[in-house]
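Quick note: numbers below take in every heavy atom, side chains included, and nothing from hydrogens, waters or symmetry partners. Atoms within a ligand are numbered from 1 in the order they appear, just like the ligands themselves.
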Amino acid sequence: MKTINIAIDGPAGAGKSTIAKMVSSKLGYIYVDTGALYRAAALYITENGIPDEDIEKSLENADISLKFIDGTQRVFVGDKDVSDLIRTPEISMAASRTSAIPAVRAYLFETQKKIARENNVIMDGRDIGTVVLPDAEVKIFLTASAEERANRRYKELSVKPDCPPYEDILKDIIQRDYQDMNRETSPLRQAEDAILVDTTELNLEQSADEIVRIISERTAGEI
Ligand code: DC
């Protein structure tokens, strides 16, 4: 069976995962958050104290996988569900660093391809439209200004007692953007045939509606 693949790329904090989840539930597709794979690899590397030169070899035994439980993605290292453990600022920064290592990208490449071969997916990440699914039916590049992304993150965190100052969040976002866009292997960039959606002035509903509209237009007759 031919599957339909939608690629959504963009910088950290653009709302990719929330919006892609909304779109996938509207369309009945599986939502694949590939950042979780990079975070799980970073967790594995950090917890085991693996030096860069040993990463390629040790990943052979890492057994990082995605499982879809009631349509919701969970990420595993071996048989341990690490979906919650990977959501810390330390792992965000570690993932940004280790995802630049070619051996890490090569290791996760086939995992991502296989899911897309077997399912209708909305897959989000940094290099989905450019490298992982170059033949995706629809490619979206989702972005928003760094200030607006920091603002959203600050609002999310401000309910917690240890919320960092806005300036620190903005600095973190700018640093991650720089790392993701300037690495040698698969840097974050808009694919030539991707459609740019800037959500600086849009709320979540408006962003999801815009993407559903683009997908319907591009896949007319296919879905
Ligand atoms: O989307 P995220 O913040 O969960 O991603 C964590 C890190 O993983 C991010 O800094 C960039 C990297 N990443 C990547 O290089 N390629 C992907 N397809 C997804 C994420």
In this structure, NZ of K155 is separated from CZ of R153 (nearest 0.5 Å) by 14.0 Å
The single option from I122, T111, L66, I128 that satisfies side chain to side chain contact (heavy atoms under 4.5 Å, CB included) with V32 is L66
Hydrogens and angles aside, do E210 and Q206 bring a side-chain donor and acceptor to less than 3.5 Å of each other? no
What part of Q179 sits under 4.0 Å from ligand 1 if we count only heavy atoms: the side chain, the backbone, both or neither? neither
Can E192 and K139 be counted as an ion pair, charged N to O under 4.0 angstrom? no
Quick check for you: to the nearest 0.5 Å, what is the distance between D177 atom CG and Q175 atom CD? 10.5 Å
Could you say whether the N/O atoms of D124 and ligand 1 ever approach to under 3.5 Å? no
Quick check for you: to the nearest 0.5 Å, what is the distance between D9 atom CG and D124 atom CG? 8.0 Å
Are any of the N/O atoms on D33, whether in the backbone or the side chain, positioned under 3.5 angstrom from an N/O atom of ligand 1? no
Using non-hydrogen atoms of the residue, decide whether R183 is closer than 4.0 angstrom to ligand 1. yes
Minimum heavy-atom distance A36-Q73, with the two atoms named: CB-NE2, 3.4 Å
Does any N/O atom on S92 come nearer than 3.5 Å to any N/O atom on ligand 1? no
Look at atom 4 (O) of ligand 1 and say which protein heavy atom is nearest, naming residue and atom and giving the distance to 0.1 Å. R39 NE, 2.7 Å
Protein contact of atom 12 (C) of ligand 1 - nearest heavy atom, named by residue and atom, plus distance: S99 OG, 3.5 Å
Are more than 12 heavy atoms, taken from residues, nucleotides or ligands other than D70, located less than 6.0 Å from that residue's CG atom? no
Report yes if Q112 has an N/O atom closer than 3.5 Å to an N/O atom of ligand 1; otherwise report no. no
Please state which protein non-hydrogen atom is closest to atom 16 (N) of ligand 1 and give its distance, to 0.1 Å? R105 NH2, 3.0 Å
Does a side chain donor of either Y38 or R105 reach within less than 3.5 Å of an acceptor in the other side chain? yes
Just distances here: any N/O of Y38 and N/O of ligand 1 closer than 3.5 Å? no
I'd like to check which ligand 1 atoms, numbered from 1 as shown, lie under 4.0 Å from a non-hydrogen atom of S96. 10 (O)
At less than 4.0 angstrom from any non-hydrogen atom of G125, what atoms of ligand 1 do you find? 17 (C), 18 (N), 19 (C)
Among all the protein's non-hydrogen atoms, which is closest to atom 7 (C) of ligand 1, and how far away is it? A95 CB, 3.8 Å
In the protein, which heavy atom is nearest to atom 1 (O) of ligand 1, and how far is it? R126 NH1, 2.9 Å
Looking at NZ of K80 and OH of Y44, how far apart are the two atoms once the value is rounded to the nearest 0.5 Å? 12.5 Å
Sub-4.0 Å atoms of ligand 1 with respect to non-hydrogen atoms of D180: 9 (C), 10 (O), 11 (C)
heavy-atom search around atom 18 (N) of ligand 1 in the protein gives T34 OG1, 3.0 Å
